[in-house]
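Notes follow the structure.
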Protein chains: 2
Amino acid sequence: MTAGSTDTTSEGVHPRPRGGRMPRRERRVQLLESALEVFVAQGYHAAAMDDIADRAGVSKPVLYQHFPGKLDLYLALLDTSCDLIIDNCREALASTTDNRDRVTATMRVFYSYVASEEGAFRLVFESDLTSEPDVRERVDRVTTECASMIADVIRTDTGLPDEASELLAVSLVGMAQVSARFWLAGGGQIAQDDAATLIAGLAWRGIRGYPMTDDH
Amino acid sequence: MTAGSTDTTSEGVHPRPRGGRMPRRERRVQLLESALEVFVAQGYHAAAMDDIADRAGVSKPVLYQHFPGKLDLYLALLDTSCDLIIDNCREALASTTDNRDRVTATMRVFYSYVASEEGAFRLVFESDLTSEPDVRERVDRVTTECASMIADVIRTDTGLPDEASELLAVSLVGMAQVSARFWLAGGGQIAQDDAATLIAGLAWRGIRGYPMTDDH
DNA sequence: AACATCGTGGAGGTCAAGATCGGCGTGCAG
DNA sequence: CTGCACGCCGATCTTGACCTCCACGATGTT
């Protein structure tokens, strides 16, 4: 180990070598990668444009030649991450017609998303720029869209009213999202797939059998 | 005219009348109320100390004579709100020995919390200062503590291992928290108690009967 | 091999927002 | 009537972060 490390107070990150020149397209994606790392590690407000530029091994003007401002950069990354989870969620729901498998597949999507190396999920689930309407709209859209797709299935298969279906769907999304984040913070006490399966079991037991009223 | 009202950029809030003098203790609670309103409406970063002072009808120096800084003010409010939800959650769990009623009572706590007039829940569930460790610790503690109390019940009644109990409990908390926030945003399409009951039903169907494996 | 060109770098401007200092008015004791 | 104490305000300072201007060096051509 390069021990030490980890006091990320402000810089534990080593900038890339300073010299290289590179074509625009390639430079752009590299800047996006660097920005993602910094935003994930520090949050939006604590992240300085200097940090991002340094992290990429370039100076600030180049950064501004690729992106008009800090917010645009953030929104670009946020959009990518939002689209990723929504698309994966859609695919999971379409991957089978068995609802039990649907629940499991969707739960796995959330755990994979949270476990992904880059940590881009933090931009969506732990954003510190929710006061900005553009950000708020995108963040909310993740929950809303995922829940809406799930609600379609619930409504179709149970005949519950729209509002109830949506609310149930949102609660399943909340379950997935919060438990996945907590699982990640726990640091791997439970294997990823075991955790996803456990929570999927909980969700399926809850949702199956609607709209019959209940036990007694 | 006191009318005029307004254009504080985006505020429809009217400052309190400017003149009155007031004993320290009373002034302090009034400042806390004003600060809560502003933080709830704007978030931490967008909230300016000027806004809070204006909202209370005093000038900035007075504010600083009562609180050493912006963060201290925020943490005071945050602590109050965190303690409230945790205590209410504890009481709900202790209010009965029937687990089905426990689930319902706890779910109602979250919906009441979110529905409360002041909107203080936003400091906890929608904070934009998670990069600050003091804030992060308190926000996480709400989920952790609530889940821990629920996990005790789950572990006792099912014999599941600690990690699994905790994860299940956290997912229930996530379900409550996210669905309640979404319900509030929906603006009363469903009555508060109907929503809480609906989600409590989902949670109970999911959690009851553990640790039996599953369906068919 | 020498020159023109274009991208790069360090140093600086601007501005918003948190945090503070001398003066004012009011009420009370002597 | 007069001096004092207390709470309050307008005006200011400073910090920090976003965003651009003058020198340098590498690349492609003749």
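The chains referred to below are lettered A, B, ... by the order of the sequence lines, with proteins before strands, and numbering in each begins at 1. Worth saying up front: this structure is predicted, and the values here are computed from it rather than measured.
As rounded to whole Å, 17 Å separates atom C1' of dG7(D) from atom CZ of Arg28(B). Separating the CE atom of Met22(B) from the C1' atom of dG27(C) is a distance of 17 Å, rounded to the nearest angstrom. Whole-Å rounding puts the Leu63(A) CG to dG9(C) C1' distance at 14 Å. Computed from coordinates, the Gln42(A) CD to dA17(D) P distance equals 10 Å when rounded to whole Å. Put simply, CZ on Phe67(A) is 18 Å from C1' on dT20(D), counting in whole angstrom units.
A salt bridge is defined here as a Lys NZ or Arg NE, NH1 or NH2 lying under 4.0 Å from an Asp or Glu carboxylate O, and Arg181(B) with Glu126(B) meets this definition.
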Assign a letter to each nucleotide of nucleotides 12-25 of chain C from its 5' end: B, base within under 4.0 Å of a protein heavy atom; S, sugar-phosphate only; -, no contact. B-----BBBB---B

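Look at Arg24(B) and you won't find any side-chain N or O under 4.0 angstrom from OP1 or OP2 of dC6(D).
If you run side chain to side chain contact (heavy atoms under 4.5 Å, CB included) between Trp204(A) and each of Asn99(A), Ile199(A), Thr104(A), only Asn99(A) comes through.
Under the 4.5 Å side-chain criterion, counting only non-hydrogen atoms from C-beta, His45(B) is in contact with Leu129(B). Side chains of Asp140(B) and Phe182(A) form no contact here, defined as non-hydrogen atoms less than 4.5 Å apart. Within the 4.5 Å cutoff, no side-chain heavy atoms of Cys146(A) are placed close to those of Thr143(A).
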Residues 80-92 of chain B side chain polar contacts: donor-acceptor under 3.5 Å, at least two apart:
residue, atom, partner, partner atom, Å
Thr80(B), OG1, Ala76(B), O, 3.0
Ser81(B), OG, Tyr113(B), OH, 2.7
Ser81(B), OG, Ala120(B), O, 3.4

